[in-house]
Every structure is written in C-alpha cells, then in structure tokens.
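Dropping the structure in here first, questions after.
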Amino acid sequence: MQKYLKRMTAFILCLVLLFPASAQASAREDTAESLRIVRADRVHNDGWTQSVVLVLTFNSAYTAVGQTPSVTLTYRNGETKSIDPQQIRQAVYFMDGVAYPQLFITENISDGTVTVGAGAFQTADGTPSPAMTDQSFHSGFSSDFRSGFWNFHIFCRSKGVTAGNRLLEGKPVSLSFEPSREEYDGYVADTFLAALWAPYVQYADNGTPVDASFTPQGRGAHTFTARLNDFVSDYIPLEVAARHQTFSDVWNQYSMAEYLLAGFAFLIPGLGLPLGIAALMGIWYCSVGFWHGLFVRGDDAELFCRHNYGSPPEDSLSRSYSSRKEYYFGSYAQ
C-alpha cells in the first residue's frame, strides 16, 4: 500500500510539473502572429536556372529564417503540387528597419493557394511561425511566358565602351541591377524589390567578388554577375581590350560612304555644289569623331545582356540607352 501511494504521489507531481510547461507552450503558440502573404511576385531568372521564381513576401513580425518548410501549391484548375525542398529558398531582408521575410520557389504559377509548414521564419524572441494553410495569392500578372513577370537584369555602365561594345582597359565600370518588365505603355521597373534587394545583391567579375564600382583587371573575356541568391541572378559577358585592339571598332563605326558621296555629289548638275558642301560637312563631322574615338575616348554607355532563352551563354549584347526616353521606348523593349 505504501509503495502504491509513493507511485501515485510521483505521478501527481509529474502532472503538476508538466501542466505549467504545456500551458506556457500553448499560450506561446496562441500569441504567435499568423504568417500572411502581403505580396506575391514572379521573377524571371535569365542568367542561370532560366526558371520563373515565385517570390512570396510575408508580414514583418518574423525577423529571422527558420527551417525549410513544407510547401504545397494549388493551381487554379485544382491541381496540387508539393514543392521539393531543393526548389525553396528563404531570406529575411531589412529596409528602413522593417523586416521583409521572403520565400523563393522555382515554380511558374501566377495565382492560386499556398500552404506553408510551421517554422519557416522566427520572431526576434525565437518564436517559430505557425503553419499557413491555404492562403490565396495573386501576382496580378499574365501567365504568358514573355510578359507578366519581373526580369532580373544586370547593367554595366562605363565611359569606355567602344562601338563594338567592348570595354577599354583601365576604364572603371559601374554595375547595377533592376527588376523590370515591358508593359503596353512602356518600360516599368519595380522600385520596391529594387530598393529591398539592393544592399544584398553581390557582384562578381569572373567569379571574384567586386564592388558595384570597380576597374576590371586584365584584358580578354570577363563575366560580370549580379546575384541575390541561387534562384535570382544574372550575368553579362564582355571583353576588356587595350585601345589599340579597338581601332577596328572605331573604323567600322565610320564608313567610306560619306567620302564617296562627296565625290559624286559635285558631279550632279545644278545640285552638285550644295550637295557636295553638305557631304564635305558630313566628312568633317565623321573625321573628327573618328580621330577622337581612336585616340581620346570610348562612349559613355550602359550595356545589358539579352539572353537567347534556352541556349546560354550565347548572348546578344545591345547598347541599352543614352537617354531615359530611349530607354522607355527604345532598344530595351525589343
């Protein structure tokens, strides 16, 4: 009997000790703020994986990354897909002292519902986020492949760009990035994502980390990279050349047509004199530009890479813009 009473007493003591702990855990779970989607975006990653990345931004109560959660997406047609953990990345970015937890998923879906398992993020005191069940999201974009998502582009600006889109040796360059897309009324950039990601994007030259402004070292092929994470990045291949190696770029920029036109213009009866004078003025203008470009400078220009989707890294370089108007309506949107 005494032995039985001891066992009962021990059991009651265990219950007394366990009750406050369970009540505290339950209270902590009840007070944890729900995980909510406040923004959904799709970002096209030309440079590396060539996939459309779904970027979900959550409420700012959570300030640290937790464990990789289970994620299930439900499409508009009712199809449900469980996401492989290898297709998921988490990050918490800060802007103006506010935390922005983000989940990156390499899955092309423009709207539907998502289920995120518990523990994806944590509060400042270490409280894990609860599970988020079947919350609807809508990116507001078309599901068409060539529209309806932000293109993550890297840009390279330099005052030493030749007519052949080569960089002059010894000239500094500035690298930048921009999430952008083309809409019916022109070019649109996402200022929120650009400002949020700016302190966290890392730049590299042939794999070596560099600052956003630097001077490339060594002639030959260079690949400049802007990288936010494994899923969101872009690159641009360029050649750095000595000035004497770029003479052909300058020569090809100015043709012999002006000189031939000047000679034949004088032979035209009546109009020969004014046409000849106009042709000579064109010759003078081109000659000044030719010698200036040959020995003095390159152009002040910004370059970006237009990737041939499906066959990197065979890229087509394009002079981006020399003015905001051209950028808005011109070559960038082609």
Is any side-chain heavy atom of F137 less than 4.5 Å from a side-chain heavy atom of L54?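 Heavy-atom side-chain distance check passes, below 4.5 Å.
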Identify, with sequence neighbours excluded, every residue that meets salt bridge (Lys or Arg N to Asp or Glu O under 4.0 Å) alongside D190.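 Scan of D190 (salt bridge (Lys or Arg N to Asp or Glu O under 4.0 Å), adjacent residues dropped) gives R39.
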Short question: side chain of N108, backbone of V52 - any donor-acceptor pair under 3.5 Å?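 Looks like no, no N/O pair under 3.5 Å.
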Pairwise distance OG1(T68) to CD(Q86) - rounded to 0.5 angstrom: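 Those atoms lie 8.5 Å apart.
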Holding to side-chain hydrogen bond (donor to acceptor under 3.5 Å, both in side chains), I want the full list of residues that pass it with D134, two or more places apart in sequence or in another chain.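 Scan of D134 (side-chain hydrogen bond (donor to acceptor under 3.5 Å, both in side chains), adjacent residues dropped) gives T115.
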Do you know the tightest heavy-atom contact between S34 and N59?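 Of all heavy-atom pairs spanning S34 and N59, the closest is O-ND2, 3.0 Å.
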If you apply the rule side chain to side chain contact (heavy atoms under 4.5 Å, CB included), what do you find for R42 with S110, and how did you get there? CA-CA 7 Å; R42 291 191 301 158; S110 59; 3.9 Å; yes
Is any side-chain heavy atom of H153 less than 4.5 Å from a side-chain heavy atom of S180?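 Answer yes - side chains close enough.
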Name all residues meeting the side-chain hydrogen bond (donor to acceptor under 3.5 Å, both in side chains) criterion together with R36; count only those two or more places apart in sequence or in a different chain, and write none if there are none.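 Per chain and number, R36 pairs via side-chain hydrogen bond (donor to acceptor under 3.5 Å, both in side chains) with E33.
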Could you list all the side-chain hydrogen bond (donor to acceptor under 3.5 Å, both in side chains) pairs where at least one residue sits in residues 203-213, not counting sequence neighbours?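 Only S174-S213, D205-H222 qualify under side-chain hydrogen bond (donor to acceptor under 3.5 Å, both in side chains).
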From CD (Q90) to CG (N229), nearest 0.5 Å: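 Reported to 0.5 Å precision, the distance equals 11.0 Å.
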To the nearest 0.5 Å, what is the distance between CZ on F152 and CG on L228?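 F152 atom CZ to L228 atom CG measures 6.0 Å (nearest 0.5 Å).
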With side chains defined as the heavy atoms from C-beta onward, is the minimum distance between I88 and L103 less than 4.5 Å?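 Yes, their side chains come closer than 4.5 Å.
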May I ask you to test the V53-I105 pair for a side-chain heavy-atom distance under 4.5 Å?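 No, side chains not in contact.
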One pair to check against side chain to side chain contact (heavy atoms under 4.5 Å, CB included): I37 and M132. What are the steps and the verdict? CA-CA 9 Å; I37 297 174; M132 186 191 74; 3.9 Å; yes
Please report the closest heavy-atom contact between G160 and K171, naming both atoms and the distance.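 That would be CA-CG, 3.9 Å.
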Within one Ile-Leu-Val-Met-Phe-Trp-Tyr cluster: W150 and F192, side-chain cutoff 4.5 Å: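 Linked within one cluster.
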Kindly determine whether F214 and F224 satisfy ring pair (Phe, Tyr, Trp, His ring centres under 6.0 Å), including the steps that lead there. CA-CA 11 Å; F214 72 105; F224 302 146; 5.6 Å; yes
Of the non-hydrogen atoms in P199 and L196, which two are nearest, and what is the gap between them?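 The pair with the smallest heavy-atom distance is CD-O, 3.5 Å.
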Residues two or more places apart in sequence or in another chain: which of them pass side-chain contact (heavy atoms from CB on, under 4.5 Å) with A124?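 Applying side-chain contact (heavy atoms from CB on, under 4.5 Å) to A124 gives T63.
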What closest approach, in Å, do L35 and P130 show between heavy atoms, and which atom pair accounts for it?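 Closest pair (atom of L35, atom of P130, distance): CB-O, 4.2 Å.
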Exercise: identify the closest heavy-atom pair between R89 and F231: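 Minimum heavy-atom separation between R89 and F231: CG-CE1, 3.3 Å.
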Got a sec, which residues hit side-chain contact (heavy atoms from CB on, under 4.5 Å) with S70, two or more places apart in sequence or on another chain?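 side-chain contact (heavy atoms from CB on, under 4.5 Å) list for S70, sorted by chain: empty.
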Please list every donor-acceptor pair under 3.5 Å in which a side-chain atom of residues 93-100 meets a protein atom from a residue at least two apart or in another chain.
none

How long is the straight-line distance from CG of L73 back to CD of E107, given to the nearest 0.5 Å?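 So the gap between those two atoms works out to 6.0 Å.
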Distance-minimising heavy-atom pair for L193 and P179: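 Closest heavy-atom pair between L193 and P179: CB-CG, 4.0 Å.
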Suppose we screen for side-chain contact (heavy atoms from CB on, under 4.5 Å). Which residues come up paired with T80, at least two apart in sequence or across chains?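 Applying side-chain contact (heavy atoms from CB on, under 4.5 Å) to T80 gives T72, T74.
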Under the side-chain hydrogen bond (donor to acceptor under 3.5 Å, both in side chains) rule, collect the residues that match up with Q87, sequence neighbours excluded.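 For Q87, the residues satisfying side-chain hydrogen bond (donor to acceptor under 3.5 Å, both in side chains) (neighbours in sequence not counted) are T106.
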Could you tell me if the side chain of P209 sits less than 4.5 Å from the side chain of Q202, heavy atoms only?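 A side-chain contact under 4.5 Å is absent here.
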I need the Q122 CD to T127 OG1 distance, nearest 0.5 Å.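 Here the interatomic distance stands at 8.5 Å.
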Which residue pairs pass the ring-ring contact (aromatic ring centres under 6.0 Å, His included) test when at least one of the two sits in residues 53-86, sequence neighbours left out?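 Non-adjacent pairs meeting ring-ring contact (aromatic ring centres under 6.0 Å, His included): F58-F121.
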How long is the gap from CG on N151 to CD on E178, to the nearest 0.5 Å?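 If I round to the nearest 0.5 Å, the distance is 11.0 Å.
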Counterpart residues, side-chain hydrogen bond (donor to acceptor under 3.5 Å, both in side chains), relative to Q102 (two or more places apart):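 Checked Q102 against side-chain hydrogen bond (donor to acceptor under 3.5 Å, both in side chains); matches are T57, W197.
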Min side-chain heavy-atom separation V71-P69 under 4.5 Å: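 When only atoms from C-beta onward are counted, P69 and V71 do touch, with a gap below 4.5 Å.
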